[in-house]
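Worksheet: the structure to be examined is printed underneath.
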Amino acid sequence: MNWNKPIKFKFGGEDWEMPLSTLLLLIFLTLILMLGGAWLGFQFGAGQV
């Protein structure tokens, strides 16, 4: 698999292009931060923080 293959997509009316590896890294980090925020929110709501 070519990790440096440029991926083109349109987001918010703008054309974007970035390597596949960078796009996967951004998606992975976004998911990790979302899960961490959900877990912290649940802990805070349960009064354990």
Side-chain angles (χ1 to χ4, degrees):
M1 178 177 260
N2 184 7
W3 292 103
N4 290 326
K5 177 183 178 190
I7 304 294
K8 298 178 183 179
F9 56 95
K10 189 173 233 176
F11 184 73
E14 296 290 329
D15 291 331
W16 289 80
E17 181 177 341
M18 65 178 61
L20 176 62
S21 58
T22 304
L23 183 62
L24 290 176
L25 178 66
L26 287 175
I27 291 171
F28 178 72
L29 288 175
T30 301
L31 290 175
I32 292 295
L33 289 172
M34 286 173 59
L35 290 172
W39 181 78
L40 282 174
F42 180 77
Q43 295 296 320
F44 182 75
Q48 297 178 1
V49 175

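Note that the coordinates shown come from a computational prediction; the quantities given were computed from them, not determined experimentally.
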field: Donor-acceptor contact below 3.5 Å, side chain T30 vs main chain L26
entry: yes

With sequence neighbours excluded, tell me which residues meet side-chain contact (heavy atoms from CB on, under 4.5 Å) with [X].
| X | answer |
| --- | --- |
| I27 | L23, L31 |
| W3 | M1, L20, S21, L24 |
| F11 | F9, W16 |
| N2 | N4, K5 |

- prompt: Does L29 sit in a hydrophobic cluster with other residues, and if so which ones, taking ILVMFWY side chains as linked at heavy-atom separations under 4.5 Å, directly or through other members?
  reply: L25

